[in-house]
Number of protein chains: 2
Amino acid sequence: MKSDAEQLLKEKNIKITANRILVLDVFLKNTHTLSLADIELALPWADRATIFRTLKTFEEKALLHSIKDDDKSVKYALCSNTCQVNHHRIHPHFHCDICGNTVCLTGFDIPILKLPDNYKANNYSLMINGICEKCQKQ
Amino acid sequence: MKSDAEQLLKEKNIKITANRILVLDVFLKNTHTLSLADIELALPWADRATIFRTLKTFEEKALLHSIKDDDKSVKYALCSNTCQVNHHRIHPHFHCDICGNTVCLTGFDIPILKLPDNYKANNYSLMINGICEKCQKQ
DNA sequence: AGTTTGAATGCAACTTAATTGCAAAATCAA
DNA sequence: TTGATTTTGCAATTAAGTTGCATTCAAACT
């Protein structure tokens with residue numbers, strides 16, 4: 001009986017190791033995006049360089065995508081199953097200017113935009129900054 | 001007779017200094033976005049910390065907006081005249097995966113998206129990755 | 001099961017962009 | 001011109017990201 005994490009790694013052709021299962025589990029248990037530092041906090045015994053390379057591998061294999069919001073460090077989130085290596089769909093994200101959390105938005109249908117002549121698009125990402133529900137209430 | 005740069009600084013309520021005029025001139029003379037390092041190259045005698053603080057000031061006063069593309073360093077571009085402090089419009093940018101240049105796209109009309117309940121948006125930015133015209137031809 | 005081989009890991013060191021403190025210089029208004 | 005305030009230049013620091021290398025591990029193959 002394989003865990004969800006193991007299953008996912010297998011599907012994405014990523015060699016299964018203890019570290020990778022645990023890093024992936026952190027993502028599976030969270031709704032918002034996570035930075036390398038967040039993973040370090042979640043797995044205090046783990047080595048930074050290993051986590052770093054794990055994230056890179058996951059990104060290369062289209063298991064995670066990276067997001068740059070207004071915070072200093074890069075964040076990562078699980079890819080939807082429409083993502084493939086070198087071919088991602090539009091990734092819309094919301095970054096809260098107060099708490100700093102960034103979440104992936106789903107169910108958005110952004111029309112494909114017409115680019116200037118001879119420009120070729122591979123990937124679209126939309127970042128929306130604002131105030132999230134939780135911070136709105138406070 | 002004031003230069004364009006001086007005029008702009010005045011409009012945005014930014015105190016006029018030699019450095020600021022020259023940094024702004026670099027932006028006025030370029031079509032694509034520029035990083036702090038790019039400004040250092042353009043103004044080799046200038047001090048990095050001063051440029052850094054100049055860019056921050058320009059961003060605060062909505063003369064520039066910052067852009068995070070897939071390169072390591074943050075880039076900046078002139079705001080359109082629809083930008084105001086704390087209230088920017090949608091900023092669409094195109095980042096070429098080959099040459100690394102990032103340009104602002106104009107004339108895009110991105111429909112305002114419906115956010116989840118109680119989410120409030122201040123700012124939208126769309127990053128399109130792909131291949132630019134120049135690199136396409138090569 | 002033991003062996004082999006390439007990949008993954010852990011540690012330490014390093015790189016680089018971004019950022020700060022502080023004293024000197026420049027700006028602007030009175 | 002003077003004084004209050006802001007900006008500048010230099011040097012030092014922070015912090016995220018990244019790499020080299022020796023060791024360990026995973027899994028494919030006797």
Side-chain angles (χ1 to χ4, degrees), chain A residues 2-3 5-26 33-61 63-76 95 100 102, chain B residues 2-3 5-26 33-61 63-76 95 100 102:
Chain A
K2 289 205 190 311
S3 69
E6 282 177 86
Q7 198 64 43
L8 265 170
L9 292 171
K10 195 154 220 174
E11 279 170 25
K12 296 285 185 177
N13 281 311
I14 302 167
K15 194 180 286 183
I16 292 169
T17 69
N19 271 285
R20 288 170 174 180
I21 291 172
L22 291 165
V23 171
L24 181 47
D25 268 337
V26 178
T33 63
L34 300 166
S35 65
L36 197 161
D38 292 328
I39 307 291
E40 278 191 277
L41 280 175
L43 308 174
W45 45 266
D47 180 70
R48 181 189 294 114
T50 302
I51 301 173
F52 171 75
R53 286 185 276 227
T54 298
L55 294 172
K56 286 280 172 215
T57 302
F58 285 4
E59 192 181 11
E60 264 167 31
K61 301 283 185 149
L63 177 54
L64 295 179
H65 59 274
S66 64
I67 303 136
K68 299 193 173 189
D69 58 25
D70 287 344
D71 294 350
K72 327 95 204 166
S73 52
V74 178
K75 297 177 182 175
Y76 294 86
H95 177 249
T102 295
Chain B
K2 289 203 189 309
S3 68
E6 281 176 87
Q7 199 63 43
L8 265 170
L9 290 171
K10 194 155 220 173
E11 279 170 25
K12 295 285 185 176
N13 282 308
I14 301 167
K15 199 177 283 186
I16 292 168
T17 69
N19 271 286
R20 287 171 175 179
I21 291 171
L22 291 165
V23 171
L24 182 47
D25 269 338
V26 179
T33 63
L34 299 166
S35 65
L36 197 161
D38 292 329
I39 307 291
E40 278 191 276
L41 280 175
L43 308 174
W45 46 264
D47 178 70
R48 180 188 295 114
T50 302
I51 302 173
F52 170 76
R53 285 184 276 228
T54 298
L55 294 173
K56 286 280 170 213
T57 302
F58 285 4
E59 191 182 11
E60 264 167 31
K61 302 282 186 152
L63 178 54
L64 296 179
H65 59 274
S66 63
I67 303 135
K68 298 193 174 187
D69 59 24
D70 288 345
D71 294 350
K72 328 94 206 166
S73 53
V74 178
K75 296 177 180 175
Y76 295 84
H95 177 248
T102 296

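C:dT27 atom C1' lies 14 Å from atom CG of B:L9, rounded to whole Å. Between A:D47 atom CG and C:dA12 atom C1' there is a gap of 10 Å when expressed in whole angstrom units. Residue B:L43 contributes atom CG, which lies 15 Å from atom C1' of D:dG9 at whole-angstrom precision. Spacing between atom CD1 of B:I51 and atom P of D:dC10 amounts to 12 Å, rounded to whole angstrom units. When rounded to the nearest whole Å, the span between CD of B:E40 and C1' of D:dC10 equals 13 Å. Separating the CG atom of B:L55 from the P atom of C:dT20 is a distance of 14 Å, rounded to the nearest angstrom. Atom CZ in B:F58 sits about 12 Å away from atom C1' in D:dT7, given to the nearest Å. Remark: P of C:dA18 and CG of B:D38 are 11 Å apart, rounded to the nearest angstrom.
Rounding to the nearest 0.5 Å gives a distance of 10.5 Å between CG of A:L24 and OG1 of A:T54. A distance of 10.0 Å separates OG of A:S35 from CD1 of A:I51, quoted to the nearest 0.5 Å. Note: A:L63 CG to A:I14 CD1 = 4.5 Å, rounded to the nearest 0.5 Å. To the nearest 0.5 angstrom, A:T57 atom OG1 is 14.0 Å from A:K12 atom NZ. For the atom pair OG1 of A:T17 and CG of A:L9, the computed distance is 7.5 Å after rounding to the nearest 0.5 Å.
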Checklist entry - How far apart are the C-alpha atoms of B:E6 and B:K10, what are their side-chain angles, what is the distance that settles it, and do they pass the side-chain contact (heavy atoms from CB on, under 4.5 Å) test? => result CA-CA 6 Å; B:E6 281 176 87; B:K10 194 155 220 173; over 6 Å; no
Next on the checklist: What verdict does the side chain to side chain donor-acceptor pair (under 3.5 Å) test give for A:N19 and A:T50, after you've listed the backbone C-alpha separation in whole Å, the side-chain angles of each residue and the deciding distance to 0.1 Å?
Outcome noted: CA-CA 8 Å; A:N19 271 285; A:T50 302; 5.5 Å; no
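Residues A:I16 and A:I21 have side chains in contact (heavy-atom distance under 4.5 Å, counting atoms from C-beta outward). Taking 4.5 Å as the limit, some side-chain heavy atom of A:H95 sits within range of a side-chain heavy atom of A:D71. Considering only heavy atoms from C-beta on, A:R20 stays 4.5 Å or farther from A:V23 through its side chain.
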Checklist entry - When you check every protein heavy atom under 4.0 Å of nucleotides 15-22 of chain D, what one-letter string (B, S, -) results, 5' to 3'? => result -SSBBBB-
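In the helix from C:dA1-D:dT30 to C:dA30-D:dT1, the end axes, each obtained as the rotation axis mapping the C1' atoms of four pairs onto the next four within a five-pair block, lie 40° apart to the nearest 10 degrees.
Phosphate proximity of C:dT9 to A:T17: present, with a side-chain N or O under 4.0 Å from OP1 or OP2. Checking the phosphate oxygens (OP1, OP2) of C:dG10, a side-chain nitrogen or oxygen of A:N19 falls inside 4.0 Å.
Taking the nucleotide of DNA chain C with the nearest heavy atom to each of A:T54 and B:A18, the more 5' of the two is matched to A:T54.
Nearest approach of A:S66 to A:V74, heavy atoms of both residues: CB-CG1, 3.8 Å.
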Please enumerate all protein N or O atoms sitting under 3.5 Å from an N or O of nucleotides 4-7 of chain C, with distances to 0.1 Å.
{"residue": "C:dA7", "atom": "O4'", "partner": "A:K15", "partner atom": "NZ", "Å": "3.4"}

